[in-house]
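A note on names: the letters A, B, ... follow the listed sequences, proteins ahead of strands, and every chain is numbered from 1.
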Amino acid sequence: MERYDASQIEAKWQEAWREAGCFVAKPDPDKPKYYVLEMFPYPSGNLHIGHVRNYAMGDVVARYKLSTGHAVLHPMGWDAFGLPAENAAMERQVHPGAWTYANIDNMKAQFDKLGLTLDWSREFATCDPEYYGQQQAMFIDFLEKGLVYRKNAVVNWDPVDMTVLANEQVEDGKGWRSGAPVERRELTQWFFRISDYSEELLSALDRLDNWPEKVRSMQRNWIGKSRGLQFSFSVVDGPAGYDRVEVYTTRPDTLMGASFVGISPDHPLAKTLEAGNSDLAAFNAECRKMGTSEEELEKAEKRGFDTGLRVRHPLDTAWELPVYVANFILMDYGTGAIFGCPAHDPRDLEFARKFGLPVQSTFEPLSGEHHSPEEGGEAYVPAKTETVRYISGFAGKSEQTGDEGIDSAISFCEQNGIGHGVTKFRLRDWGISRQRYWGCPIPVVHCDACGVVPEKKENLPVRLPEDVSFDRPGNPLDRHDAWRNVPCPSCGQPARRETDTMDTFVDSSWYYARFTSPGASTPTNPDEAAYWMNVDQYIGGVEHAILHLLYSRFFARAMNEAGHLPDTAREPFDALFTQGMVTHEIYMTRDDTGRPVYHFPSDVTDGKLADGTEVEIIPSAKMSKSKKNVVDPMEIITRFGADTARWFVLSDSPPERDVEWTDAGAEAASKHLARVWRVAQAAKDAPEAGQGDEDLLREMHRAIRDVTLAVESFGFNAAIARLYALTNTLAKSMAGRAAQVEAARTLAQLMSPMTPHLSEEIWAALGGEGLIATAPWPVADEAMLVDSQITLPIQINGKRRDEIKVPRDMAKDEIEALALATPAVQKALDGGTPKKVIVVPGRIVNVVV
RNA sequence: GCGGACGUGAUGGAAUGGUAGACAUAGGGGACUUAAACUCCCCAGGGCAUAGCCCGUGCGGGUUCGAGUCCCGCCGUCCGCACCA
């Protein structure tokens, strides 16, 4: 029997699919449409094994939907703008574009080897001028709709590289590339009005039933809705324009416990006071230098500066409170000012104790020991749903929950003209300006006469200039005079192009929509978008739970309002699946100084190095080049073939969990596929007549049912387990040729979403018609799913003790009689009568003695 | 601190409230072979007085004829967020 040679066979079928064009998406009025999308990759140059798992999952879905009669859209492209290309340009003097497109070529060749159902006719990269030109057109539309605006914002500024850094690019307060201390600098930046959609983005989450709860709760958290009271303190003899200080609180019920007012160092009042107070100016400057990393915040002590100003308590104007500038108050949340209630807030308590400010409880627990904060205890912060006793309440009952107290306090303040209830969100507008070259140019021109003027649409795309150099830090666009100096689109006078480019998250916020009509001369084609949207199944890593997915949800709404997406596509992803990582053991020893030394798997045998040194094995670790535990998918494909790689990454673990790559497992997968091939060949050579035809076909139909169900519910590991079982049954079957061939062909079909090449080969060898890729999915014959005889377990007091074989439709009392007659039950009864007998037809019998 | 997920053999993991451990990995034994590789067959939760019995899904309770699954309370692990007023 010929051996199964993956390398030849896989290339052959990939060519056959290409020729048949069976993965080119075509709208078809006679079929339901299905849009399956995996998050497109950054073109780093190489696929990693995590990509293989991600795309294998999408491919299972796509192939299954194809064979169940759907018009399938399964596109792929490249998230191609971004920093690595500029770094490569600096390091090896290549143009970012050249580097990126070379990487794309390389990765596409790797994609081809995986045998995916991708429709490459729709491919694009976000750095294609055709793509980013449409993005610029949308930017201009958004500008007209008021969805984009410019404002001053505090950003992380790297003074050496001369660019803004994202928070995650700042490590220990230093730029990740330059190592220079990052400054907080105020710059004029472009912002998308995502916060206008806070309420909608939040409430719509409730309807995203096919999204992981984890992602929804992360987004809820991020949007951060809170309800509270906004009111103002009147300032005693304040500077001009500052007769009131506006504060926001979610605990207005603790207003009687106020002991000071705190404002942010960035608060306008703080800045005004700086002018006449150099000590305060120094204090503020120091606060602004402070980093924002978690570690620093943890360590940073509560610091404050007494401004000397005093404000009047709104409930008792004779009561005056001091105003402090405090380092722990954020300017961009609420109003940048708070009232401090030390008794019910740990931060305020720490602050009050440091500055000798009064501590006054407003409520206490109903019962139990209570070490009050006045007497040195901790701040008392019960859940808002807990009922407490109000000591110095000014609204509502004396015994009520925090929530009730808050409601009462808000309505009391509203009635007395003190303040009003407001809803606030943590979500802030999305700053998209980047001082980078390799991104989408923001299509506006700055004119001394006309101000900020959008580029004319007929002049789009505003292309990135090719003749740039990266030998100096900073943005090459800034110093490219020929590119920068252009006439004003409005008045024609000399003006300057905006040199900031867009955050690369903008590029990935609408690519799913562009895939519906990648060649259109407008951002989308309305008919195509209406036909293909929404994405029926989106698949990607959970690391994008907030940024990319939230931005995309905002963008779909903005595009809808600008007329680029239909109303039905405001929420773009009907279902989301977040797959787990592929992990691999790390092999580690330590050098003389105790520092870890890592070893490649190929250097380790039976837990030892060649010289016999025992290595420490760290299981289930994220792959990382420096830890030497990376598995290269191309090596795996060369060794075993794409089917093996696909089969393995889908087996063993549920798709949402991590799966550990093991060499033994990959080898075993490869052996199994070779076995399937042999079993299928043997089926063809089985004798005409045999025994157990019906048993085999029954098992086959049960497998159809189980695998179909598993694939539909993302239970790929369960589907694979079931397919192992069917293979075992077929291998052992003595059935006649016809039955064996039918079972083998069905096995190939059921496997085809995971192992498409092997399945085609078996299909062809066993006389299947056409391509298995386009053959209709097998349907389980209901009649074959029910056995005439079934085995019923007999439990005694809930423990399995025996079993009986009975006809499927036997009457309850007959089953009961049979069960009672079994030796086990007879023995347990010991001549007595059972207390109770439960017969669940088709399931189980339980005898209580 | 807040939010979420999870806890089952040596390991990854199966089990609409109904036979716990499917399927696989690693392991052990055997067949084939001069030998090995390939392949095939068998064993395998723990314990014991081994035709059988007892125990067993993180711990403690509860509901039920019956709980890995449902409820209550703990313990632990992982992930996300957080000076957010």
Checklist entry - In residues 710-728 of chain A, which residues come under 4.0 Å of RNA chain B by heavy atom? => result A/Asn717, A/Ala721, A/Tyr724, A/Asn728

Checklist entry - Taking the six-membered ring for Trp, are A/His584 and A/Tyr587 parallel (under 30°), tilted (30 to 60°) or perpendicular (over 60°)? => result perpendicular

Item to check | Donor-acceptor pair under 3.5 Å, A/Asn846 side chain vs B/C65 base | outcome: yes

Item to check | Nucleotide nearest A/Met218 when distance is taken to its side chain, options B/C83, B/A20, B/G80 | outcome: B/G80

Item to check | Under 4.0 angstrom between A/Lys835 side-chain N/O and B/C65 OP1 or OP2 | outcome: no

Next on the checklist: Among B/C54, B/C83, B/U19, which nucleotide has an atom closest to any side-chain atom of A/Pro793?
Outcome noted: B/U19

Checklist entry - Parallel under 30°, tilted from 30 to 60°, perpendicular over 60°: which one fits the rings of A/Tyr551 and A/Trp430? => result parallel

Checklist entry - P atom, B/G52 versus B/G61: distance in rounded Å? => result 32 Å

Item to check | Watson-Crick and G-U pairing of RNA chain B written in dot-bracket, each distance under 3.5 angstrom, with | for inter-strand partners | outcome: (((((((..(((.....[....))).(((((.......))))).((((...))))..(((((..]....))))))))))))....

Checklist entry - In whole angstrom, what separates A/Gln681's CD from B/U39's C1'? => result 16 Å

Item to check | Minimum-distance nucleotide to A/Arg675 side chain [options: B/G18, B/C40, B/C81] | outcome: B/C40

Item to check | Option passing ring-ring contact (aromatic ring centres under 6.0 Å, His included) with A/His672 (candidates A/Phe648, A/Tyr724, A/Tyr4, A/Phe640) | outcome: A/Tyr724

Item to check | Atom pair distance, as rounded to whole Å: CD in A/Glu656 and C1' in B/C78 | outcome: 15 Å

Checklist entry - B/C40 phosphate, OP1 or OP2: any side-chain N/O from A/Arg678 under 4.0 angstrom? => result yes

Next on the checklist: If you compare every side-chain N and O of A/Lys836 against the phosphate oxygens of B/C65 (OP1, OP2), does one of them come in below 4.0 Å?
Outcome noted: yes

Item to check | Length of the line joining A/Asp652:CG and B/U11:P, which is rounded to integer Å | outcome: 14 Å

Checklist entry - Looking for any heavy atom pair under 4.0 Å, which part of the strands does A/Val848 touch: base, sugar-phosphate only, or nothing? => result sugar-phosphate

Checklist entry - Who are the side chain to side chain contact (heavy atoms under 4.5 Å, CB included) partners of A/Lys799, not counting sequence neighbours? => result A/Arg801

Item to check | salt_bridge(A/Arg705, A/Glu782) N-O dist < 4.0 Å | outcome: no

Next on the checklist: Can you measure A/Leu709 atom CG to B/A22 atom P for me and round it to whole angstrom units?
Outcome noted: 21 Å

Checklist outcome for this item: Side-chain contact check for A/Lys732: nearest option of B/C41, B/C81, B/G18 is B/C41

Checklist entry - Per the atom types in the model, does the base of B/U16 pair as donor or acceptor with the side chain of A/Arg843 at under 3.5 Å? => result yes

Let me have the donor-acceptor pairs involving side chains of residues 715-722 of chain A, under 3.5 Å, with sequence neighbours excluded, atom names and distances please.
{"unit_1": "A/Arg722", "atom_1": "NE", "unit_2": "A/Asp706", "atom_2": "OD2", "d": "2.6"}
{"unit_1": "A/Arg722", "atom_1": "NH1", "unit_2": "A/Glu699", "atom_2": "OE2", "d": "3.2"}
{"unit_1": "A/Arg722", "atom_1": "NH2", "unit_2": "A/Glu699", "atom_2": "OE2", "d": "3.3"}

Checklist outcome for this item: Ranking B/U19, B/C54, B/A85 by distance to the side chain of A/Arg801, first place goes to B/C54

Checklist entry - Would you say A/Arg428 reaches B/C84's phosphate, i.e. side-chain N/O to OP1/OP2 under 4.0 Å? => result no

Next on the checklist: Among residues at least two apart in sequence or on other chains, which ones pass side chain to side chain contact (heavy atoms under 4.5 Å, CB included) with A/Thr401?
Outcome noted: A/Thr387, A/Asp403, A/Glu404

Item to check | A/Arg657 vs B/C79: side-chain N/O to OP1/OP2 distance below 4.0 Å | outcome: no

Checklist entry - For B/G9, is chi within 90° of 0 (syn) or not (anti)? => result syn

Item to check | Gap between atoms CE and C1', on A/Met581 and B/G12 respectively (whole Å) | outcome: 15 Å

Checklist entry - In residues 658-669 of chain A, which ones come under 4.0 Å of RNA chain B, going by heavy atoms? => result A/Ala664, A/Ala668

